[in-house]
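So the structure is just underneath, and the comments pick up after that.
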Number of protein chains: 2
Amino acid sequence: MGRRSGILEFAVLGLLRESPMHGYELRKRLNTSLGVFRAFSYGSLYPCLKTLVQRGWLTEEPGDPPEDSSAAPLAGRRARIVYRLTAAGKEHFEELLAQTGPDTWEDEHFGVRFAFFGQTSRDVRMRVLEGRRSRLEERLARMRASLARTRERLDDYTLELQRHGMESVEREVRWLNELIESERAGRDQRRGEAPSDPSGEDTAS
Amino acid sequence: MGRRSGILEFAVLGLLRESPMHGYELRKRLNTSLGVFRAFSYGSLYPCLKTLVQRGWLTEEPGDPPEDSSAAPLAGRRARIVYRLTAAGKEHFEELLAQTGPDTWEDEHFGVRFAFFGQTSRDVRMRVLEGRRSRLEERLARMRASLARTRERLDDYTLELQRHGMESVEREVRWLNELIESERAGRDQRRGEAPSDPSGEDTAS
DNA sequence: GTTAGCATGTAAGGAGTTACATGATTTT
DNA sequence: AAAATCATGTAACTCCTTACATGCTAAC
């Protein structure tokens, strides 16, 4: 069955944009390199890769990985399949980066979107950050209202949970404020990261 | 299809343990009263209720809700169905409270478990809190290790994301430490919360 | 007289997981 | 020679969502 959208697809495209990889390596990166990511299973990763190939966003190549070519050329190790982003795939990823999905998507997968901010134009970064902030503030308002209504009949544990939850949200809002301000303070040039050409300069090899 | 386990079932049983309710009310409580809960849809709630009835954990009664009986007895409003926890249901919920599921379950739904701590025996509370803490500490260790390995080749955004993520986790660990200490400080009597009958404090150690 | 809220439900589908199957290769 | 790690894949299942269908009452 075709994995239609989903965060996994997004993350795979984003990681492959940086450099080609085989599935096993990809999964490790999903779990560690991008820290905040959740642990995807092979059972979802490999089928996802297949459908991405079918749609023309990836190509499959047999072969040894880019790094560690000092090892046996491709002797043992059950021949790996290296996946590479196509031009169409790159284009598609740009679209995904730019588009603002439904609130729940944006909210649930904010961490992943943020992880690819390095490849995102400043407009979009601002939109994503501000969107998140406003949703958190809405939520905060709802929590406060609900707490004011029901405070009396809640036990200590529930109260403590709500208190801690609200504090966490408030903390994240402050974090977002800092980020937004720092974006606004204009530094387009954060090293040589050329924001003028979001689809441009791939860091191949 | 039989909703087998799932957090929704747990939450429904827990809420109904406090007092009988009809589905609509239940859903509102899931979304607001217990604040941290996610927004479940009717599409999952009603089927869930049906299967819980089938298993004998709930009974369906037609009728007006316990509060607001000043309104029309049950005149308009499409006759509601009030769900009440049976003895078997109570028993089952106790089991669910006491059992420690797989780590992922415990981790993903910690907030919900915590929300029912008022109905949970102290042993179990300690087990849940300490379990969560140790998993968070493991995760922290993994994050630190991964960060030490890959710091150089991560861009500023990814780095900032990891930094904030780790800070959040550290903060939650401190919170848990406070809670655990406060549990350890022994006060069973936190106001008039009498765990008089919940079959709770059976495991005296 | 139309929107908003109350109230219950079904069918189809999405996005993943677990458990399994397979097999080579390095380490113990 | 046993175990761990590398590597790819499939089938069945889970748990929840969306979109739809229905109909009543209160408020604007």
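Convention: sequence-line order gives letters A, B, ...; per-chain numbering from 1.
The nearest heavy atom of DNA chain C to B:Lys50 and to A:Leu45 marks one nucleotide each, and the one closer to the 5' end goes with B:Lys50. Across the interface with DNA chain D, nearest-nucleotide mapping of A:Gly23 and B:Trp105 shows A:Gly23 to be the residue nearer the 5′ end. In this structure, B:Thr104 and B:Tyr42 both approach DNA chain C, and ranking their closest nucleotides by distance from the 5' end singles out B:Tyr42.
The closest side-chain heavy-atom distance from A:Trp105 to A:Thr100 is not below 4.5 Å.
Side-chain proximity of A:Lys28 to C:dA7, C:dG16, D:dC6: nearest is D:dC6. Residue B:Tyr83 has its side chain nearest to C:dG9 when only C:dG9, C:dC6, D:dG9 are considered. Here D:dT10 is the nucleotide among D:dT10, D:dA7, C:dC6 with the atom lying nearest to any side-chain atom of A:Pro47. Among D:dA7, C:dA7, D:dT17, the nucleotide with an atom closest to any side-chain atom of B:Ser41 is D:dT17.
Residue A:Phe10 is out of contact with every strand shown, counting any heavy-atom pair closer than 4.0 Å.
Remark: A:Ser44 is not in phosphate contact with C:dG16, judged by side-chain N or O atoms under 4.0 Å from OP1 or OP2. Here B:Tyr46 reaches the OP1 or OP2 of C:dT8: one of its side-chain N or O atoms lies under 4.0 Å away.
In A:Arg133, the CZ atom is crowded: over 12 heavy atoms of neighbouring residues, nucleotides or ligands sit closer than 6.0 Å.
If you look at B:Phe116 and A:Tyr157, their ring centroids are not closer than 6.0 Å.
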